[in-house]
Participant: 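Attaching a single structure in structure tokens format; questions to follow.
Keep in mind that what you see is a predicted model, and the values were worked out from it rather than measured. Here is the naming used below: chain letters follow the sequence lines, and residue numbers restart at 1 for every chain.
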Protein chains: 2
Amino acid sequence: MATGRTHRPATRSRGIPEATVARLPLYLRALTALSERSVPTVSSEELAAAAGVNSAKLRKDFSYLGSYGTRGVGYDVEYLVYQISRELGLTQDWPVVIVGIGNLGAALANYGGFASRGFRVAALIDADPAMAGKPVAGIAVQHTDELEHIIGSNGVSIGVIATPAGAAQQVCDRLVAAGVTSILNFAPTVLTVPDGVDVRKVDLSIELQILAFHEQRKAGEEGGPESGAAAPADRAEAAAVGDAAAAVGGDRKGPDGDVPAVMPA
Amino acid sequence: MATGRTHRPATRSRGIPEATVARLPLYLRALTALSERSVPTVSSEELAAAAGVNSAKLRKDFSYLGSYGTRGVGYDVEYLVYQISRELGLTQDWPVVIVGIGNLGAALANYGGFASRGFRVAALIDADPAMAGKPVAGIAVQHTDELEHIIGSNGVSIGVIATPAGAAQQVCDRLVAAGVTSILNFAPTVLTVPDGVDVRKVDLSIELQILAFHEQRKAGEEGGPESGAAAPADRAEAAAVGDAAAAVGGDRKGPDGDVPAVMPA
DNA sequence: ATATGTGAAGGGTTTCACAGCC
DNA sequence: GGCTGTGAAACCCTTCACATAT
């Protein structure tokens, strides 16, 4: 209830399932590549292979957009590029601001994939006064004090947060108050936002942790499942847990104080 | 069929649903924060709020791991931290290599969230000879020629690809041949890998495109749905599409050649 | 009294398989 | 003949609601 909703269907769109929306950018990328090679048409099979999905899924996805293919032939590449671009809202350009110009923020500012998809970096914002005025990716960094002004005068509705976790919620609140209604969050924190604001998150270390999970399973399989240790330990083990957890915690906290970057509000 | 499987259940784990695995890192983060504040126990309600999920989901998730809570009381924070860490395989440390030390690669090398979760950056690898020997995040960059040697001698099983899209598949092939079985891909390409290798991808621009989709819907709602334009256009419109697509493409390709970073193989 | 653990219901997503159209 | 578009089946995930345990 008090929890910030992290991911809403945003008015349930117009019947296009969320899972489909999430794949449209993939199709678009594959189609753009084909378009650059001047390929006129593709079959669902070919396009699916290029996008890394299966063809039945692709056809179902496209069926939500309309009937854009030709039976017995396939899809017109240029036509589909246009339709998907329009559906995604990429026929207009979206000014975005990036807040937090550290290593990651700078990398994002330099990332070609943004500009190449209709996203224009309208401003770079950082809380460090020493950063103000410095050019990053050809754009002068502005101080956080300017945030509201920048959002307002540029009509920015999409914000990217690349600050340390501790600052993220505060920055988020200011962005939202200034009129931003979509946020891409790179800080490892759960953001709380009012209804009507969309948040998507990218957490670099979470992806690695998911890989580690599967990697561990692979290793365990070689000599058969070591299910003895994996089986639900009986509650008596909890007594020993203080030590075990301390050992783990010790590992995690590591040699130096790297926790600050991970500490939520 | 010829398509590289991008996301496999990897031997179907031991019955822990993929969706649950993907949330374990979230719980772990929230629990770590509580642990640092020396909170001894949490209820599913509190923890769920901190992790940004609903409490029934959290309880179901935990039920796959075992019965780690106490009815009427809640969960022991330290105990849960340990159990989830173990389940994710974070009680051991994972050497990882990062290939492609551009802006993003450097940001990843500097990212505290890796080291703080048991991931150790064993090496940074780049194809540019001029980069060789340069220290990034305190680690000397090594040339791609060393790749196989580095993987082998460090027992690396997780690789991070942050190269331009055009180089990604090639790098991926070499990583896999050298023994890497889990790959985190930041390059905007579909990677093809043999069975038994897991790939997870993070595409920065895809997330923005999904936000743009919802943002567009919000804007459209204000004056009622402009479903006229959104309705499946009849095929005659395809004739005009060449121009429309060109206009879009023109926008996308932008002022300068920013496409190289996005061009798949 | 309070909060977990879990069958059962519900909703969404993927896959199948084939009718329909070129 | 070949390929799209789509009902129907299968599957997975989420949510509900309450039995169960402390």
Participant: In whole Å, I'd like the distance from the CD atom of A:Glu46 to the P atom of D:dC3.
Facilitator: 8 Å
Participant: Can you tell me the distance, in whole Å, between the NZ atom of B:Lys57 and the C1' atom of D:dC12?
Facilitator: 13 Å
Participant: Judged by each residue's nearest nucleotide on DNA chain C, which is more toward the 5′ side, B:Asp61 or A:Ala19?
Facilitator: B:Asp61
Participant: Among B:Tyr82, B:Tyr68, B:Phe62, which one satisfies ring-ring contact (aromatic ring centres under 6.0 Å, His included) with B:Tyr75?
Facilitator: B:Phe62
Participant: Measure the distance from CG on A:Asp76 to P on D:dT4 and round it to the nearest whole Å.
Facilitator: 13 Å
Participant: Could you tell me whether the side chain of B:Arg71 has a donor or acceptor atom within less than 3.5 Å of a complementary atom in the base of D:dT22?
Facilitator: no
Participant: Find the distance B:Ile16:CD1 to D:dT14:P and express it as a whole number of Å.
Facilitator: 14 Å
Participant: Examine C:dA3: is either OP1 or OP2 under 4.0 Å from a nitrogen or oxygen in the side chain of B:Ser44? Give yes or no.
Facilitator: no
Participant: Rounded to the nearest Å, what distance is computed from the NZ atom of residue B:Lys60 to the P atom of nucleotide D:dC12?
Facilitator: 15 Å
Participant: Decide whether A:Gln169 and A:Thr189 meet the rule of one side-chain donor and one side-chain acceptor closer than 3.5 Å.
Facilitator: no
Participant: From the list C:dT4, D:dG5, C:dA8, which nucleotide is the closest neighbour of the side chain of A:Ser63?
Facilitator: D:dG5
Participant: May I have the distance from A:Leu47 (atom CG) to D:dT4 (atom C1'), rounded to whole angstrom?
Facilitator: 13 Å
Participant: State whether B:Glu45 and B:Arg59 are salt-bridged, where the test is any N-O pair (Lys NZ or Arg NE/NH1/NH2 against Asp/Glu carboxylate O) under 4.0 Å.
Facilitator: no
Participant: Whole angstroms only, please: what is the CZ-P distance between B:Arg23 and D:dC12?
Facilitator: 15 Å
Participant: For B:Tyr75, which contact category applies under a 4.0 Å heavy-atom criterion: base, sugar-phosphate, or nothing?
Facilitator: sugar-phosphate
Participant: Between C:dG5, D:dC3, C:dT13, which nucleotide gets closest to the side-chain atoms of A:Ser43?
Facilitator: D:dC3
Participant: Can you tell me if B:Asn54 touches the phosphate of D:dT14, counting only side-chain N or O atoms and a distance under 4.0 Å to OP1 or OP2?
Facilitator: no
Participant: Taking for each residue the nucleotide of DNA chain C bearing the nearest heavy atom, is the 5' side occupied by A:Gly72 or by B:Arg59?
Facilitator: B:Arg59
Participant: So if I take every side-chain heavy atom of A:Pro17 and compare against D:dA8, C:dT13, D:dC13, which nucleotide ends up nearest?
Facilitator: C:dT13
Participant: Salt bridge or not between B:Glu87 and A:Arg217? Use side-chain N to carboxylate O under 4.0 Å.
Facilitator: yes
Participant: Is there a donor-acceptor pair closer than 3.5 Å between any side-chain N or O of B:Thr32 and the backbone N or O of B:Leu28?
Facilitator: yes
Participant: Separation of B:Glu45 atom CD from D:dC16 atom P, in whole Å?
Facilitator: 12 Å
